[in-house]
Amino acid sequence: MVDSVHIASWNVNSIRARQERVASWLEQHRPDVLCLQETKVPDDIFPVEPFRTAGYDLALYGQKGYNGVAIASRVGLDDVRRGFDDGGDEGGARLVGARAGGVQVYSVYVPNGQFVGSRQWDEKLLWFDRLRALLQGRHGAGEHIAVAGDFNVAPEERDVHDPEFWKRQVLFHPQARAALARLCEDRLVDTFRLHHEAGGLYSWWDYRGPSLARNLGLRIDLLLASPPLARVCTAASIDREARGGKLPSDHAPILADFRL
DNA sequence: ATGGTTGCTTAGCAA
């Protein structure tokens with residue numbers, strides 16, 4: 001009987017490039033569930049062995065070259081659902097859901113948006129509303145739901161090293177922040193902010209330039225919980241250490257613990 | 001939206 005569940009999420013920027021690093025991280029942290037984004041690989045050649053060896057089942061929704069999401073679980077994995085089922089264009093493999101450890105889990109990779117005013121920008125803003133509709137259509141208010149992933153939006157000024165610059169960019173534009181806020185309002189809670197007040201705590205640092213050394217980052221990776229699940233969230237963190245070393249992803253893993 | 005780096009794919013795109 002599971003009485004607690006530890007959920008993690010990590011944009012790995014290619015699971016094939018990162019598989020040894022992810023495998024050792026799994027052995028070290030042993031989360032019950034790990035949501036992955038930017039796996040960048042079709043399902044038939046996803047490197048499943050390191051996960052099986054570590055005791056994890058996988059729900060895969062990938063594609064060639066870009067995007068790709070997955071859920072790894074060692075506490076059961078049922079009712080896997082890939083993508084939206086709203087009849088609209090999927091716009092890439094960016095969403096997979098499953099039941100794991102008594103929680104309804106979603107791994108999400110929100111479109112980056114390219115630049116403000118682009119076609120991809122419009123798709124990004126729309127994507128939040130599609131996700132909101134999907135969650136409202138599939139789930140009731142009392143359920144334990146975790147929506148984890150790379151949202152490609154920092155929620156607040158304290159989540160951005162230079163808000164004045166970034167508010168004109170896709171990752172912190174007022175319209176993107178508003179779209180995220182609409183998704184969340186009264187439905188999803190940012191678990192990190194239940195346990196940390198400080199600014200300067202980021203989950204992504206650009207590969208280019210001295211961003212990591214100078215902590216020029218943004219907190220765009222989020223683990224959102226429905227209110228009933230948020231009420232039993234006992235801890236949340238960002239594993240900044242995993243952003244270091246040789247050939248890291250440009251994102252750090254994020255984690256949250258729940259007592260069920 | 002311009003630079004810098006990384007990954008997928010092998011010249012150029014996406015992030």
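All values below come from the heavy atoms of this structure, side chains included, with hydrogens, waters and symmetry mates left out. These figures come from a predicted structure and were not determined experimentally. Chain A is the first sequence line, chain B the second, and so forth, proteins listed ahead of strands; every chain is numbered from 1.
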>> From C-beta outward on A:N112, which listed nucleotide comes closest to its side chain: B:dA15, B:dT6, B:dC8?
In response: B:dA15
> Does the side chain of A:Q114 get closer than 4.0 angstrom to OP1 or OP2 of B:dA15 through an N or O atom?
Replying inline: yes
> Closest to the A:K40 side chain: B:dG4, B:dG7, B:dT9?
Replying inline: B:dG7
> Around atom CD of A:E241, are there more than 12 heavy atoms of other residues, nucleotides or ligands at under 6.0 Å?
Replying inline: no
> When the distance from NZ of A:K246 to P of B:dG7 is rounded to whole Å, what number comes out?
Replying inline: 13 Å
> Rounded to the Å, how far apart are A:K64 NZ and B:dC8 P?
Replying inline: 12 Å
> How long is the line joining CG of A:L171 and P of B:dA15, in whole Å?
Replying inline: 11 Å
> Given atom CG of A:L216 and atom P of B:dG3, what is their separation to the nearest angstrom?
Replying inline: 19 Å
> How about A:W25 and A:D239: does a side-chain donor come under 3.5 Å of a side-chain acceptor?
Replying inline: yes
>> Distance check needed: B:dT5 C1' versus A:E38 CD, whole Å only.
In response: 14 Å
>> So if I take every side-chain heavy atom of A:A17 and compare against B:dC8, B:dA1, B:dT5, which nucleotide ends up nearest?
In response: B:dC8
> How is A:R94 classified with respect to the nucleic acid when contacts are heavy atoms under 4.0 Å: base, sugar-phosphate, or nothing?
Replying inline: sugar-phosphate
> With nearest nucleotides of DNA chain B determined for A:G113 and A:I15 from heavy-atom distances, which residue corresponds to the more 5′ nucleotide?
Replying inline: A:I15
> Between A:Y66 (OH) and B:dA15 (P), how many Å, whole number?
Replying inline: 8 Å
>> Could you check whether A:H6 and A:D32, counting side-chain N and O atoms only, form a donor-acceptor pair closer than 3.5 Å?
In response: no
> Of the candidate nucleotides B:dA1, B:dT9, B:dG7, which contains the atom at the shortest distance from the side chain of A:Q169?
Replying inline: B:dA1
>> Measure OH/A:Y109 against P/B:dG7 and give the value in whole Å, please.
In response: 14 Å
> B:dT9 and B:dG3: how far apart are their C1' atoms, nearest whole angstrom?
Replying inline: 23 Å
>> Taking only side-chain N and O atoms of A:R18, does any of them lie within less than 4.0 angstrom of OP1 or OP2 on B:dT6?
In response: no
> How close or far is atom P of B:dT5 from atom CG of A:N11, stated in whole angstroms?
Replying inline: 20 Å
>> For the P atoms, the ones on B:dT6 and on B:dA1, what distance do you get once it is rounded to whole angstrom?
In response: 25 Å
> Would you call A:D150 and A:R94 a salt bridge, using N to O less than 4.0 angstrom?
Replying inline: no
> In terms of the nearest nucleotide of DNA chain B, which residue is placed more toward the 5' end: A:H251 or A:V116?
Replying inline: A:V116
> Between A:D221 and A:S203, is any side-chain donor less than 3.5 angstrom from a side-chain acceptor?
Replying inline: yes
